[in-house]
Protein chains: 2
Amino acid sequence: MTAGEFKNWQAVQEEVRRRIHARIWAPGEMIPNEQDLAEEFGCARATVNRALRNLSEAGLLERRRKAGTRVALHPVRKATLSIPMIRKEIEDLGQSYGYERLFYRRGTPPEALLRQLKARENDQFVRVKSVQTADGAPFVFEDRWVNLTTVPGAAEQGFAETSANEWLLTHAPYTEGDIAFFAGNASEEVAGMLRCEAGAAIFVIDRVTWDNDRSITSVRQYFRPGYRMQTSI
Amino acid sequence: MTAGEFKNWQAVQEEVRRRIHARIWAPGEMIPNEQDLAEEFGCARATVNRALRNLSEAGLLERRRKAGTRVALHPVRKATLSIPMIRKEIEDLGQSYGYERLFYRRGTPPEALLRQLKARENDQFVRVKSVQTADGAPFVFEDRWVNLTTVPGAAEQGFAETSANEWLLTHAPYTEGDIAFFAGNASEEVAGMLRCEAGAAIFVIDRVTWDNDRSITSVRQYFRPGYRMQTSI
DNA sequence: TCTGATAATATGTGCAGACATATTACCAGA
DNA sequence: TCTGGTAATATGTCTGCACATATTATCAGA
């Protein structure tokens, strides 16, 4: 059990996992320091460090200098969900992807949105509405504002043929973003776009992205009724 | 610019980020190998490795042995959202937390759920329904099945005073889980529990967890109307 | 031209040692 | 008793080196 056969960091990580899981090290409890573990496992401290650091990033351990390492009391599980790139999602379903731009006009976003975007005085914006379809049926309806001042290329692009999301991904990298998921009843407009009943429950994503402190885009995506966003943890 | 002042991995990471961002290294393009970068930055290869590995985990780079490192064409942004522990979420809002068990009875889940749980022949289950409140108002209504065979302590516990989620977190650690987010129209039961109109759009989370291949619990949580799940990316 | 063995190469990881840094514990002095 | 300085300590990270491993490129032989 305590022989020195944990020679790589994955093995060390698995052994630590096992001990936490088997409650040999109970939640909230301190575990031995890296040096001792390294001796026990018969490996270098760096190897133990790598394993423990990984588990700490995963939320299973809490580490603080000098204070030591303890088993997390409330393992904050982190679900990493990839921001859906719609075309890929639809194609992975084996369905044919379609895109249609419905609306494109320069204008000024409402006051509240400007604040959220941390927009500057003379920023110019364009509003783009579009639907993306799977086998011809509406999949997502999106309503987006793009900051033309920070993304000048967007003006020529126009998003008539390619979805803004896709174009922006490769042409306007962002450094930060906020994202929110919620449920909403379909308005008349949304219901019309998604070809469903008004009032149907719709899964909605709000997303805002910045390049450092310069806003790039703000988008609200309405998914077709029944859409499920899934992941493993 | 190319002087050797990138002595720690964070600095290297930032410099690489900057170059990707400034399109010195464009999407899809190969970047120099670790050895060359180490020489350029005036640090050890391990330091460069740490930085690049981190960026690769973040989805900005794609690395393959021998093939080298390239800038990701479609940076798959990963939003890491912590699975909400309701009590903490409510208390962080500065509101008073409440819990009430509404239903507790042994029984057998429907066939479809049993399959999803990968349940075994003689597994015993208990169904628990409860609400959690913020300042007295309903916040979440949840409908849960707990596997008593894998979590025997659950039978004595009963979840009369503490939410199942909280108790399970510290008493039945899980190794894997599936989670899904979607929107649904409130049924009569849900509307009654959340004190809203039937048909209101409700944000719903389905979650199933396992301890290795032994199912622990399956839960569906209905959040109060207007609930938003937020995170940064 | 095709196929399979082999060499070349970039990343992945291990080790030992060193120093950096945050944080705690302790103790002297007011 | 309280306070501020100092020592002790666990983690954080860098270095230089080595070898492992996956993958590609190459080339000989059929």
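All chains are named by letter (A, B, ...) in the order of the sequence lines, taking the proteins before the strands, and each is independently numbered beginning at 1.
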Exercise for review: Would you please test B:Asp213 and B:Arg120 for salt bridge (Lys or Arg N to Asp or Glu O under 4.0 Å) and show each step?
Suggested key: CA-CA 10 Å; B:Asp213 63 336; B:Arg120 297 190 184 175; 3.2 Å; yes
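Taking a cutoff of 4.0 Å between a charged side-chain nitrogen and a carboxylate oxygen, A:Glu40 and A:Arg19 qualify as a salt bridge. With respect to A:Glu111 and A:Arg115, a salt bridge is recorded, a charged nitrogen being found less than 4.0 Å from a carboxylate O. Taking a cutoff of 4.0 Å between a charged side-chain nitrogen and a carboxylate oxygen, B:Glu34 and B:Arg50 do not qualify as a salt bridge. For the pair A:Arg220 and A:Asp143, the salt-bridge criterion is not met [side-chain N within less than 4.0 Å of a carboxylate O].
There is a side-chain donor-acceptor pair under 3.5 Å between B:Arg63 and B:Thr69. For the residue pair A:Asn212 / B:His21, no side-chain donor-acceptor distance below 3.5 Å is found, with atom types taken as modelled.
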Polar atom pairs between nucleotides 13-18 of chain C and protein, under 3.5 Å, N or O only, would you list them?
| residue | atom | partner | partner atom | Å |
| --- | --- | --- | --- | --- |
| C:dT13 | OP1 | A:Gln10 | NE2 | 3.4 |
| C:dT13 | O4 | B:Arg45 | NH2 | 3.2 |
| C:dG14 | OP1 | A:Trp9 | N | 2.4 |
| C:dC15 | OP2 | A:Ala44 | N | 3.0 |
| C:dC15 | OP2 | A:Thr47 | OG1 | 2.5 |
| C:dA18 | N6 | A:Arg45 | NH2 | 3.2 |

Quick test: give all pairs of protein nitrogen or oxygen and nucleotides 3-7 of chain C nitrogen or oxygen below 3.5 Å, distance rounded to 0.1 Å.
none

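Geometrically, B:Arg228 engages A:Phe182 in a cation-pi contact, judged by NZ or CZ lying under 6.0 Å from the ring centre and within 45° of the ring axis.
Across the protein-nucleic acid pair, A:Asn54 atom CG and D:dT11 atom P stand 16 Å apart, rounded to whole Å. Taking atom CZ of residue B:Arg63 and atom P of nucleotide C:dT11, one finds them 6 Å apart after rounding to whole Å. Summarising the geometry, the separation between CZ on B:Phe41 and P on D:dG16 is reported as 16 Å, rounded to the nearest angstrom. Note: CD (A:Glu57) to C1' (D:dG12) measures 12 Å, nearest angstrom. If you take CD of B:Gln35 and P of D:dT15, they are 12 Å apart, rounded to a whole angstrom. Rounding to whole angstrom units, CE of residue B:Met30 and C1' of C:dT11 are separated by 11 Å. Going from atom CD of B:Glu62 over to atom C1' of C:dT11 covers 15 Å, rounded to whole Å. Rounded to whole angstrom, the span from the CG atom of B:Asn33 across to the P atom of C:dA10 amounts to 5 Å.
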